[in-house]
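So that the names make sense, note that chain A is the first sequence line, chain B the second, and so on, each numbered from 1.
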Amino acid sequence: MLQLKFLLENKDIVVSRLKIKNFNAENIIEEIETLNNKRKKVQTELNKLQEETNKNARLIGTLVKENKTKEVETLKLNLTNIKEKIQILEKELKNIEKDINDKILQIPNIPHLSVPAGKGSTDNIIIKTGGPEPKPNNLLPHWELGKKYKIIDFEAGVKITGGGFPVYVEKGAKLQRALVSYFLDKAIEQGFKEYIPPYLVNENTAFGTGQLPDKEGQMYKIEEDNLYLIPTAEVPLTNIYKNTILNEDELPIKLTAYTPCFRREAGSYGQNVRGLNRIHQFDKVEIVVIEHPDRSYKQLEDMVSYVESIVISLNLPYRIVKLCGGDLSFTSALTYDIEVFSMAQNQWLEVSSISNFETFQANRMNLKYKDKKTGKNFLCHTLNGSALALPRIVAAILENNQFEGGIKIPEILIPYTGFSIID
RNA sequence: GGAGAGAUGGCAGAGUGGUUGAAUGCGGCGGUCUUGAAAACCGUUGAAACCCGUAAGGGUUUCCGGGGGUUCGAAUCCCUCUCUCUCCGCCA
């Protein structure tokens, strides 16, 4: 969420920039401003009454010691009246604060100046294309390859859980493990610290990174314990630093974790959910960075090139896409997607989404750093990206590397899989 | 799951109704000393909101795990939730 102060001091900027996200903020900011003025008034009034009460309460203390019972009784009576007023004002202040908060929560993050206008994914800008040439070919799609080589059993998944919960078998399972290990090793090499976080998080944590209240329907919820299954390691990983004031020189903090991810994907349908394209449980290695505001965009570029380097090492056709305002998520200021091309499906598959959230998550999480010069506390910037999500990478590897005799494993993975061909 | 104990500032740890936002120690920061460092000594050191001020700064309020209550007054008393520790039970 945006900071109240920033929001009101930069009204025009906020309104005009949010237009890129196709969000009209004008009215809501005005409402917030009115509420905030009211809030200030009420608080000032309340503080005065509280001051009076405190002074008198102290006075009673001394009078009691001096045994001046009469004076004490009159003072008490007087204070009882003030107390009633205070209670009313306190309630009012709380309500106003809640109203303001509710309204701010409805405002998405401001897009970075470089974000292009646009309605949806077709308006995204292709920054770069690389890897082998992406030429469509009448090859078998991965869901058929999975069956043919007995490495992915979708039916078994349906039987034991339901659609979107594939079962990986033998070399299929090993390939998953190999990819996870490879991605983690690369990330560690890159200076990320490896974590194994919980896969269930509480409400406050889900709020911190922005999954709540905006994406409540996307998460699986354990009603009985009021916990959520993580949709991405971003959630537990970033929240490790919830309610923290860091020293400036601790930044950047670079974290990585492999976790399974759980997504309900309500409303998805058709070709996009075939096979591994969109599933309810999948594996992903995530990278998270907490960074100084001055360096966060440089950091974002570094993260993108890092993820790019992984895709290159797997020898997959890829492209880097900059999301337009309409495709940008509620919480993001700037996002790059990395997509790999599936020759068999003749389509680009998103395998990574790398974003700078600026202070949007940090404000919700109360994550700050102490500025060395001024000694003042400022919100950190948070960033994250997939590095990488497995299912579509697996799909692309299977589909693009198939030949008459089976499927070739990318060179770099062979030390991890222990085999070079799936047949 | 049952019984008991506890939760205080970055950390350790006092404080059980009246200038306590909180002793003391450690740590951090600044300084003196030193060629430099260490040691020693001196000073300083939580967060947020509001008011006054262009600012520097000054003032007020709230916050002692979360929420609620008693009281003129709560870190201190009561209720409730969460978490931690000890013992028992269960168990990969």
Side-chain angles (χ1 to χ4, degrees), chain A residues 1-9 32-104 196-208 212 221-228 236 239-251 253 290 359 362-380:
Chain A
M1 71 200 272
L2 297 168
Q3 289 175 97
L4 175 64
K5 222 177 170 184
F6 174 85
L7 200 65
L8 296 177
E9 281 171 6
I32 290 170
E33 193 166 33
T34 312
L35 281 168
N36 192 46
N37 289 334
K38 206 164 141 199
R39 175 186 135 259
K40 286 184 188 175
K41 232 183 248 166
V42 173
Q43 192 186 326
T44 309
E45 202 179 328
L46 173 65
N47 286 170
K48 270 184 196 152
L49 291 179
Q50 284 170 326
E51 186 180 358
E52 201 181 330
T53 309
N54 288 343
K55 276 185 183 159
N56 283 314
R58 261 175 243 146
L59 186 61
I60 289 176
T62 42
L63 288 178
V64 166
K65 272 183 196 155
E66 292 164 15
N67 269 325
K68 295 181 179 167
T69 331
K70 260 189 194 165
E71 285 95 324
V72 168
E73 285 314 310
T74 16
L75 265 179
K76 273 192 190 178
L77 215 81
N78 185 24
L79 280 180
T80 315
N81 290 330
I82 298 180
K83 208 180 149 193
E84 270 171 37
K85 280 187 207 161
I86 286 180
Q87 275 174 344
I88 291 166
L89 287 175
E90 269 177 344
K91 220 176 196 174
E92 196 181 348
L93 187 66
K94 240 185 198 174
N95 285 336
I96 296 171
E97 278 172 348
K98 188 181 179 303
D99 286 348
I100 291 175
N101 204 45
D102 286 350
K103 291 217 190 298
I104 296 179
I196 299 181
Y199 304 155
L200 291 168
V201 294
N202 61 32
E203 225 171 327
N204 183 268
T205 294
F207 171 82
L212 290 180
K221 187 177 183 187
I222 315 285
E223 246 351 295
E224 199 172 356
D225 298 292
N226 204 23
L227 296 172
Y228 295 85
N239 275 285
I240 289 171
Y241 285 92
K242 175 160 67 179
N243 292 325
T244 304
I245 300 173
L246 296 160
N247 284 324
E248 195 177 342
D249 46 26
E250 286 178 81
L251 300 172
I253 289 173
I290 296 162
T359 61
N363 192 30
R364 289 180 168 214
M365 280 190 297
N366 188 22
L367 165 55
K368 297 176 184 167
Y369 70 92
K370 194 170 277 299
D371 183 76
K372 258 193 168 168
K373 274 186 195 150
T374 61
K376 284 184 180 161
N377 301 328
F378 296 100
L379 291 172
C380 299

| Do we see a donor-acceptor contact under 3.5 Å between the side chains of N47(A) and T44(A)? |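 Their side chains do not contain a donor-acceptor pair, so the 3.5 Å distance test is not met.
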| Under 3.5 Å, is there a donor-acceptor pair linking the side chains of K221(A) and N226(A)? |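 Yes, N226(A) and K221(A) have a side-chain donor paired with an acceptor closer than 3.5 Å.
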Tell me what [X] touches on the nucleic acid: a base, only sugar-phosphate, or nothing, going by heavy atoms under 4.0 Å.
X       : answer
N247(A) : nothing
K55(A)  : nothing
K370(A) : sugar-phosphate
K376(A) : nothing
Q50(A)  : sugar-phosphate
N78(A)  : nothing
I60(A)  : base

In whole Å, measure the gap between the [atom1] atoms of [N] and [M] for me.
N       : M       : atom1 : value
rC41(B) : rC33(B) : C1'   : 9 Å
rC26(B) : rG13(B) : P     : 15 Å
rG6(B)  : rA55(B) : C1'   : 48 Å
rC50(B) : rA56(B) : P     : 16 Å
rU82(B) : rG28(B) : C1'   : 32 Å
rA74(B) : rG66(B) : P     : 16 Å
rA48(B) : rA39(B) : P     : 31 Å
rA75(B) : rU8(B)  : C1'   : 7 Å

| More 5' along RNA chain B: E97(A) or E52(A), using each one's nearest nucleotide? |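 The residue closer to the strand's 5' end, by nearest nucleotide, is E97(A).
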| Pick the nucleotide of RNA chain B nearest each of E90(A) and N56(A); which residue has the one closer to the 5' end? |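 By nearest-heavy-atom nucleotide position, the 5'-most residue is E90(A).
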Is the shortest heavy-atom distance from the side chain of [X] to the side chain of [Y] under 4.5 Å?
X      : Y      : result
K76(A) : V72(A) : yes
T53(A) : K83(A) : no
L93(A) : R39(A) : yes

Whole angstrom value for the distance that separates [atom2] of [N] from [atom1] of [X]:
X       : N       : atom1 : atom2 : answer
Q43(A)  : rC50(B) : CD    : P     : 6 Å
E51(A)  : rC52(B) : CD    : C1'   : 13 Å
D225(A) : rC83(B) : CG    : P     : 10 Å
I82(A)  : rU61(B) : CD1   : C1'   : 15 Å

Considering only [options], which nucleotide approaches the side chain of [X] most closely?
X      : options                   : answer
K83(A) : rG73(B), rC50(B), rA48(B) : rG73(B)
R58(A) : rA47(B), rC50(B), rU19(B) : rU19(B)
A57(A) : rA48(B), rG18(B), rA49(B) : rG18(B)
N54(A) : rU62(B), rA48(B), rC51(B) : rU62(B)
K40(A) : rC51(B), rU19(B), rU60(B) : rC51(B)
K94(A) : rU61(B), rC50(B), rG68(B) : rG68(B)

| query | Would you call E45(A) and K41(A) a salt bridge, taking side-chain N to carboxylate O under 4.0 Å as the test? | reply |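 Salt bridge: no.
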| said: For K103(A), is there an ion pair with D99(A) - N to carboxylate O distance below 4.0 angstrom? | reply: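 Between K103(A) and D99(A) there is no salt bridge, as every charged N stays at least 4.0 Å from the carboxylate O atoms.
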| message | Strictly below 4.0 Å: does K76(A) bring a side-chain N or O up to OP1 or OP2 of rU71(B)? | response |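 No, because none of the side-chain N or O atoms of K76(A) sits under 4.0 Å from OP1 or OP2 of rU71(B).
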| query | For R39(A) and rA49(B), is the shortest distance between a side-chain N/O and OP1 or OP2 below 4.0 Å? | reply |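 Checking rA49(B) against R39(A), no side-chain N or O comes under 4.0 Å of OP1 or OP2.
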